[in-house]
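To start, the structure under review is shown below, and the notes come after it.
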Amino acid sequence: MTLTRKGAATRRRIVEGAAGQIREEGVFALRLEDVMARTSTSKSQLFHYFPGGKDELLLAVARHEAQRVLEDQQPELGALTSWEAWQRWRDKVVARYRAQGVNCPLHTALSQLGSTTGAARAVAAGLLEQWQGELAAGIRHLQGSGEGGSGLDAEREAAALLAGVQGGVLILLTTGSAVHLEAALDSGLARLRGARPVS
């Protein structure tokens, strides 16, 4: 769908409003009527931009939130050029997920859509591929400057670090505790440094 500037702004307002609703009340409480009230849009407007209804809106929320996951880690994620930069990135990731708490619009939207749908898988895969690429670039920079990670496979280490982050986030969503997320990040960074993780 080709949108005018005004149309694009309206569509974005609906998506952001739905994401906000999910953060506050969870995906199962999401009603299109509430999104319309929150965003000052009519039923005809909502179905004009999302003719597939709630599922199409949830997919748009998932895409929006996937992009936010990466944007919220910038500029640190795109500039992992020193151990200080890696530490700032680590602290930013922990702070983001602590602040977000148990209501994650991306996770809940994808869960509601079902991980088996092609569209939901594409959103998740695109996010993870871009995220892993940024981490691998940072690892290669460390290796090139002789600061760490010597002899390690950058892509594999980035994949392991990302898996640790995602596992830690999943536990945080279940328990509300960031302990596992912090442990995964600290152990991963210690491995890159060539140091033993703190026990």
Side-chain angles (χ1 to χ4, degrees), residues 1 3 8 11-12 14-16 18-23 26-28 30 49-80 86 89-90 92-143 149 152-174 178 180-181 183-185 187-189 191-192:
M1 180 189 297
L3 299 176
R11 186 182 188 282
R12 184 169 56 251
I14 294 170
V15 171
E16 290 174 350
Q21 195 82 19
I22 290 170
R23 278 191 209 96
V27 71
F28 296 110
L30 182 69
Y49 296 110
F50 304 99
K54 188 174 180 178
D55 281 355
E56 188 172 346
L57 177 56
L58 282 171
L59 184 58
V61 168
R63 288 191 181 113
H64 169 76
E65 289 298 313
Q67 192 57 43
R68 258 193 77 186
V69 167
L70 296 174
E71 288 173 356
D72 285 353
Q73 296 176 56
Q74 299 296 353
E76 288 80 4
L77 181 61
L80 297 171
W86 277 92
W89 168 76
R90 176 258 188 225
K92 194 165 197 175
V93 169
V94 172
R96 179 198 195 277
Y97 285 106
R98 267 200 188 129
Q100 179 177 271
V102 297
N103 287 325
C104 171
L106 173 62
H107 176 76
T108 51
L110 289 174
S111 297
Q112 182 74 0
L113 287 166
S115 60
T116 57
T117 67
R121 278 202 311 270
V123 170
L127 165 64
L128 296 175
E129 182 180 1
Q130 191 174 347
W131 197 346
Q132 183 174 322
E134 297 271 20
L135 293 173
I139 293 169
R140 283 192 290 270
H141 189 281
L142 291 177
Q143 291 172 326
L152 298 176
D153 181 322
E155 286 294 338
R156 189 171 177 82
E157 293 303 317
L161 191 55
L162 181 54
V165 171
Q166 289 298 293
V169 169
L170 186 60
I171 294 172
L172 186 153
L173 292 173
T174 305
H180 300 82
L181 174 59
L185 282 165
S187 293
L189 295 186
R191 176 173 164 79
L192 292 181

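All of these numbers come straight from a predicted model, not from anything done at the bench. Position 1 is the first residue of the sequence; numbering continues from there.
Atom CD of Q100 sits about 6.5 Å away from atom CG of L173, to the nearest 0.5 Å. Between the CZ atom in R121 and the CG atom in L128 there is a gap of 13.5 Å [rounded to 0.5 Å]. Rounded to the nearest 0.5 Å, atoms CG (L135) and CD (E155) are 9.5 Å apart. Rounding to the nearest 0.5 angstrom, the gap separating the CG atom in L161 from the CD atom in Q166 is 11.0 Å. Put simply, CD on Q130 and CG on L70 are 4.5 Å apart, with the number rounded to the nearest 0.5 Å. Here CD of Q73 is found 8.5 Å from NZ of K92. Values are rounded to the nearest 0.5 Å.
Residues L80 and H141 form no side-chain contact, since every pair of their non-hydrogen atoms from C-beta on lies 4.5 Å or further apart. Proximity of Y49 to L3: side-chain heavy atoms (C-beta onward) are separated by under 4.5 Å at one or more points. L152 is listed as a side-chain neighbour of R191, based on a closest heavy-atom distance under 4.5 Å.
Residues L127 and A66 come closest through the heavy atom pair CD1-O, 3.4 Å. Of all heavy-atom pairs between L142 and W86, the closest is CD1-NE1, 3.2 Å. Contact between A184 and G164 at its shortest, heavy atoms only, is CB-O, 3.4 Å. Residue V61 comes nearest to A18 through the heavy atom pair CG2-CB, 3.7 Å, listed as atom of the first residue, atom of the second, then distance. In terms of heavy atoms, V123 sits closest to A62 at CG1-O, 3.8 Å. When all heavy atoms of L172 and Y97 are compared, the closest pair comes out as CD2-O, 3.7 Å.
Atom CZ of R156 has 12 or fewer heavy atoms from other residues, nucleotides or ligands within 6.0 Å. Taking a 6.0 Å sphere around CD of E71, one finds it holds more than 12 heavy atoms contributed by other residues, nucleotides or ligands.
Under the side-chain contact (heavy atoms from CB on, under 4.5 Å) criterion, H180 pairs with I171, sequence neighbours left out.
Judged by distance alone, with hydrogens and angles left aside, the side-chain atoms of Q143 form a donor-acceptor pair with the main-chain N or O of G149 at under 3.5 Å. Side-chain N or O atoms of E16 include none that pairs as donor or acceptor with a backbone N or O of H64 at under 3.5 Å.
Results of the side-chain contact (heavy atoms from CB on, under 4.5 Å) test with F50 over L58, L57, L59 single out L57 as the only residue that passes.
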